[in-house]
Amino acid sequence: MSGLTVTLPDGKTLELESGATVLEVAERIGPGLARAALAGRIGGKLVDLRQPLSGDVELEIVTARDPAGGEVIRHSAEHVMADAVKRLFPSAQVDAGRSDHAEKFQYDFLVDEPFTPEDLERIEKEMDSILAEDARFERQVLSRQEAADLFRSMGEELKLSRLADIPEDDVITVFRHGDFVDLCRGPHVQHAGQIGAVKLLESSGTYFRGDESGPKLQRIYGTAFASRKELKAHLHRIEEARKRDHRRVGVELGLFHMDALAPGSPFYLPKGMVLYNSLVRFIQDLYPRYGYREIQTPQLFRSDVFKTSGHYEKFHDDMYWFEGSDEGEELGVKAMNCPGHCHLFSTTKHSYRELPIRWAEFSRLHRNERSGTLNGITRVRSFAQDDAHIFCEPEQIPEEIESFFRMTSEVYTTLGLEGLEMAVSTRPEKFLGEPSDWDQAEKTLIASVEGAGFSCRIKPGDGAFYGPKVEADFRDVLGRAWTLATIQVDVGMPGRFGLRYVGRDGELHQPAMLHRAVLGSLERFIGIYIEHTGGDFPFWLSPIQVLALPIADRHAPRAREIRAALVSVGVRAEVDDRSETLGFRIRDAEKQKIPLTLVIGDEEVERGTVSPRLRKSKQAMDAMSAEALVSALREANAERRPKPLA
RNA sequence: GCCGACGUAGCUCAGCUGGUAGAGCAGCUCACUCGUAAUGAGCAGGUCGUCCGUUCAAAUCGGAUCGUCGGCUCCA
């Protein structure tokens with residue numbers, strides 16, 4: 001038998017017989033590592049410990065210290081959960097698990113009755129005893145026929161169907177621990193005891209392969225860690241996320257109100273409006289520099305415009321329609337700006353000299369979102385976007401995309417959001433236009449993203465129905481990914497609206513069209529931003545920026561003077577002269593997330609100073625003159641600074 | 001829309017197996033006039049989401065409905 005060379009991360013090499021497993025490599029390195037090993041990593045991909053190696057490889061042993069160790073633990077916990085469910089509900093059929101969420105795993109079951117919270121407790125207990133049994137996980141390679149026979153004999157119909165999904169030439173493996181066996185490619189821990197602690201989180205209904213016409217399944221979510229301590233820390237983080245929930249924070253900070261009288265439609269309170277308007281103004285201030293001009297189109301349109309755009313057919317059930325005052329007149333409430341913009345473009349003649357035309361609009365849009373999709377302020381029926389459409393010559397597309405990325409970077413830097421990741425979404429099943437145009441547009445997008453220095457992920461079939469799109473995904477402080485900015489090439493609408501411009505050659509040409517938004521839906525952005533910041537907004541966005549705190553009643557007139565001076569330069573300042581202790585009012589200001597408080601007592605009145613205190617700081621700053629404060633804060637606002645004072 | 005859970009004061013929640021509601025915070029009043037995250041006392045506040053039903057009696061049990069949450073699906 002020929003040998004193989006394994007190169008370890010520290011550069012050392014080991015010579016082994018061909019067919020040696022990852023675990024055997026770990027054993028050669030040391031017994032401690034062998035005990036702690038959870039999986040191997042070759043070229044960034046996790047491999048099972050029992051997997052035989054072939055050829056020379058660079059191998060890394062993954063333990064619980066490696067973040068990927070958690071994935072292996074949670075993936076193994078799926079099997080333990082399925083085992084526990086089968087023990088308690090022998091008639092249950094297992095479907096499959098998935099653990100590509102952050103720190104969460106799931107498994108779907110076909111059962112007669114949905115799981116109750118009590119069931120989850122029992123299942124979790126059963127899992128604990130399986131962990132205590134500490135059975136070894138074993139890997140077995142089967143032929144397709146053997147696997148089919150196995151699952152047929154077990155009565156696992158869903159598994160047979162999953163088996164059929166596996167591509168022809170893939171190796172079929174099953175994993176066993178104790179009496180439980182599951183179709184799986186791994187990797188798995190060595191023995192159940194390496195899963196230190198499990199916790200089931202919730203259960204919900206789902207469909208086999210997500211198909212509503214297919215069998216209904218019950219999904220259970222759980223999480224697992226190498227130790228109780230890590231599990232506890234994770235549950236603590238979930239609790240922290242709950243505290244940041246925009247629905248809670250939005251109410252606590254008096255930003256908005258949601259009401260059963262208008263499901264999915266926020267009521268903005270004055271403070272929420274400050275945030276909303278500040279964001280809009282921010283974008284509006286950037287528009288002149290990036291060559292956008294703002295327009296406003298009607299809220300109600302005769303349905304013809306949506307028939308022309310294709311939205312009537314595709315989104316009819318998701319829009320609001322009613323009869324107009326004229327016989328047979330059907331009106332639709334605007335759910336998107338593009339048809340109106342296309343129509344407006346078509347009403348006058350355009351020369352290539354005018355292009356690109358960049359039209360922006362902040363109108364409210366209404367979509368009849370399905371009730372189950374509504375979520376706080378992030379998924380609503382009434383919203384506004386920082387929307388714009390660009391009409392340009394096809395050759396100008398790359399330039400426009402680049403400019404869009406520059407604007408996006410500027411916006412997100414100012415907002416303190418970093419680490420955007422780009423992805424291109426390609427042609428979906430239902431689409432307008434010609435496939436060749438799509439291919440061309442997709443290529444242009446990918447090249448532009450890469451040209452702008454970003455790496456580019458592909459989301460196959462995720463494009464809009466009228467064209468492929470680039471999305472900027474943002475990962476918030478809690479590790480959740482959100483799609484924010486997006487730019488889309490439209491290969492359908494210019495043709496449907498018969499858009500034309502006079503080219504250099506005097507002939508008529510069809511313009512290219514781009515849809516784009518930087519913040520996307522303002523309501524959704526605000527929701528995400530609240531959760532990311534926990535309500536600690538940058539100075540320039542804070543609804544109340546400064547709170548003056550007179551120590552005693554005799555200091556209140558001076559506090560009001562200072563407030564007036566600040567307000568006169570556009571700083572949002574208030575006075576809290578309630579007859580409460582200073583400590584109480586400072587605590588209240590902290591809870592209200594006010595960035596700057598000013599303490600004003602005898603000393604400050606006498607010297608014409610203020611004693612500023614920054615949000616979340618343990619101690620006061622040195623006193624400064626009231627005049628210096630006013631000009632510093634005016635500047636902080638003009639420059640949209642994150643902090644009021646440097 | 002589908003599956004599941006939930007809905008009690010402005011907020012967070014308690015209220016066991018049916019006997020017509022309770023706390024903390026917030027609010028209001030009074031006293032205190034205070035130096036960097038909770039001064040004290042008092043007052044007020046709810047037809048228990050809504051509708052039907054079971055019962056001598058329903059926040060509590062059953063049904064429907066609306067809404068919310070967690071998922072699925074969808075996202076122009």
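First the proteins, then the strands, lettered A, B, ... as listed; each starts at 1.
Among the nucleotides B:C74, B:U36, B:C34, the one closest to any side-chain atom of A:Glu369 is B:C74. Out of B:C34, B:U36, B:C3, the shortest distance to the side chain of A:Gln218 is found at B:C3. Which of B:A38, B:A76, B:G27 sits closest to the side chain of A:Cys338 comes down to B:A76. You'll find that the side chain of A:Lys314 is closest to B:C75, out of B:A76, B:C75, B:A38.
A residue-by-residue look at A:Arg554 and A:His515 shows that A:Arg554 has its nearest nucleotide of RNA chain B further toward the 5' end. With RNA chain B read from its 5' end, the first of the two nearest nucleotides for A:Ala620 and A:Met336 is the one closest to A:Ala620.
The interatomic distance linking A:Leu110 (CG) with B:C3 (C1') rounds to 13 Å, in whole Å. Rounded to an integer number of Å, the gap from CZ of A:Arg613 to C1' of B:U36 is 5 Å. Distance, A:Asp318 CG to B:C74 P: 12 Å, rounded to whole Å. Rounded to a whole Å, the CD atom of A:Gln488 is 12 Å from the P atom of B:C75. Taking atom CG of residue A:Leu598 and atom C1' of nucleotide B:U36, one finds them 12 Å apart after rounding to whole Å. Taking atom CD1 of residue A:Ile586 and atom P of nucleotide B:C34, one finds them 15 Å apart after rounding to whole Å. If you measure from atom NZ of A:Lys591 to atom P of B:A37, you get 14 Å, rounded to the nearest angstrom. Rounded to whole Å, the distance from CE on A:Met493 to P on B:A76 is 11 Å.
One P atom belongs to B:A58, the other to B:G1, and the distance between them is 32 Å to the nearest Å. The gap from the C1' atom of B:C56 to that of B:G45 amounts to 32 Å, rounded to the nearest Å. Spacing of C1' atoms, B:U8 relative to B:C48, comes out at 4 Å, to the nearest Å. Look at the C1' atom in both B:C11 and B:C51: the space between them is 28 Å, to the nearest Å. Nucleotides B:A21 and B:G46 place their C1' atoms 8 Å apart, quoted to the nearest Å. Rounded to a whole angstrom, the distance from the C1' atom of B:G22 to that of B:U55 is 26 Å. Nucleotides B:U65 and B:A26 have their C1' atoms positioned 33 Å apart, rounded to a whole Å. Using atom C1' as the reference point in both B:C6 and B:U50, the two lie 16 Å apart (nearest Å).
For A:Asp437, there are no salt bridge (charged side-chain N to carboxylate O under 4.0 Å, His left out) partners two or more places apart in sequence or in a different chain.
By the neighbour-count criterion of 12 heavy atoms within 6.0 Å, atom NZ of A:Lys199 is sparsely surrounded, having that number or fewer from other residues, nucleotides or ligands.
A:Glu369 and A:Arg379 are joined by a salt bridge, as a carboxylate oxygen and a charged side-chain nitrogen come within less than 4.0 angstrom of each other. Look at A:Asp473 and A:Lys459 and you find a salt bridge, because one of the NZ, NE, NH1 or NH2 atoms lies within 4.0 Å of a carboxylate O, short of that distance. For the pair A:Arg219 and A:Asp108, the salt-bridge criterion is met [side-chain N within less than 4.0 Å of a carboxylate O]. For the pair A:Arg370 and A:Asp317, the salt-bridge criterion is not met [side-chain N within less than 4.0 Å of a carboxylate O].
At a cut-off of 3.5 angstrom, the base of B:U73 holds at least one donor-acceptor pair with the side chain of A:Arg370. Judged by distance alone with a 3.5 Å cut-off, no donor-acceptor contact links the side chain of A:Thr373 to the base of B:C74. No N or O donor and acceptor, one from the side chain of A:Arg367 and one from the base of B:C74, sit under 3.5 Å apart.
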Between protein and nucleotides 8-13 of chain B, what N or O pairs are separated by less than 3.5 Å?
none

For nucleotides 66-70 of chain B, which of its nitrogen or oxygen atoms have a protein nitrogen or oxygen under 3.5 Å away, and what is each distance?
residue, atom, partner, partner atom, Å
B:C69, OP1, A:Arg247, NH1, 3.1
B:C69, OP1, A:Gly376, N, 3.0
B:C69, O3', A:Arg247, NH1, 3.4
B:C69, O3', A:Arg247, NH2, 3.4
B:G70, OP1, A:Arg247, NH2, 3.1
B:G70, OP2, A:Asn375, ND2, 2.7
B:G70, O2', A:Glu202, OE1, 3.4
B:G70, O2', A:Glu202, OE2, 3.2

Residues 256-272 of chain A side chain polar contacts: donor-acceptor under 3.5 Å, at least two apart:
residue, atom, partner, partner atom, Å
A:His257, NE2, A:Asp259, OD2, 2.8
A:Asp259, OD1, A:Leu261, N, 2.8
A:Tyr268, OH, A:Glu523, OE1, 2.6
A:Lys271, NZ, A:Gln592, OE1, 3.4

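Counting non-hydrogen atoms under 4.0 angstrom, A:Arg578 reaches the backbone sugars and phosphates but no base. Heavy atoms of A:Phe315 sit under 4.0 angstrom from at least one base atom. The residue A:Gly583 sits close only to the backbone: its heavy atoms come under 4.0 Å of sugar-phosphate atoms, none of a base. Across all strands shown, A:Glu471 has no heavy atoms under 4.0 Å from either base or sugar-phosphate atoms. Here A:Ser611 lies in heavy-atom contact (under 4.0 Å) with a base.
With no hydrogens or angles considered, a side-chain donor-acceptor pair links A:Thr486 and A:Gln488 at under 3.5 Å.
Both tests hold for A:Arg427 against A:Phe431: distance to the six-membered ring centre under 6.0 Å, angle to the ring axis within 45°. A cation-pi arrangement is present between A:Lys307 and A:Tyr312 under the rule of less than 6.0 angstrom and at most 45 degrees off the ring axis.
Judged purely by atom type and a 3.5 angstrom limit, A:Trp359 has no side-chain atom pairing as donor or acceptor with the backbone of A:Phe345. Within the 3.5 Å criterion, the main-chain N or O of A:Ala573 finds no donor-acceptor partner in the side chain of A:Arg563. Under the 3.5 Å distance criterion, the side-chain polar atoms of A:Arg585 are matched with a main-chain donor or acceptor of A:Pro550. At least one donor-acceptor pair under 3.5 Å links the side chain of A:Lys159 to the backbone N or O of A:Asp95.
Considering A:Lys616, A:Lys591, A:Arg244 in turn, A:Lys616 is the only one that fulfils the salt bridge (Lys or Arg N to Asp or Glu O under 4.0 Å) rule with A:Asp536. Put simply, the residue from A:Trp321, A:Phe497, A:Tyr320, A:Phe315 that forms a ring-ring contact (aromatic ring centres under 6.0 Å, His included) with A:Phe306 is A:Trp321.
Of the residues in residues 544-553 of chain A, A:Ile551, A:Ala552, A:Asp553 come within less than 4.0 Å of RNA chain B through at least one heavy atom, sorted by number.
Contact annotation: A:Ser579 does not reach the phosphate of B:C32 (side-chain N/O to OP1 or OP2, under 4.0 Å). Dashed line: the shortest gap from a side-chain N or O of A:Lys469 to OP1 or OP2 of B:A76 is under 4.0 Å.
You'll find the ring centres of A:Trp482 and A:Tyr529 outside the 6.0 Å limit.
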Check: If you write RNA chain B from 5' to 3' in dot-bracket form, with Watson-Crick or G-U pairs under 3.5 Å, [ ] for crossing pairs and | for pairs with another strand, what do you get?
Finding: (((((((..((((.....[..)))).(((((.......))))).....(((((..]....))))))))))))....
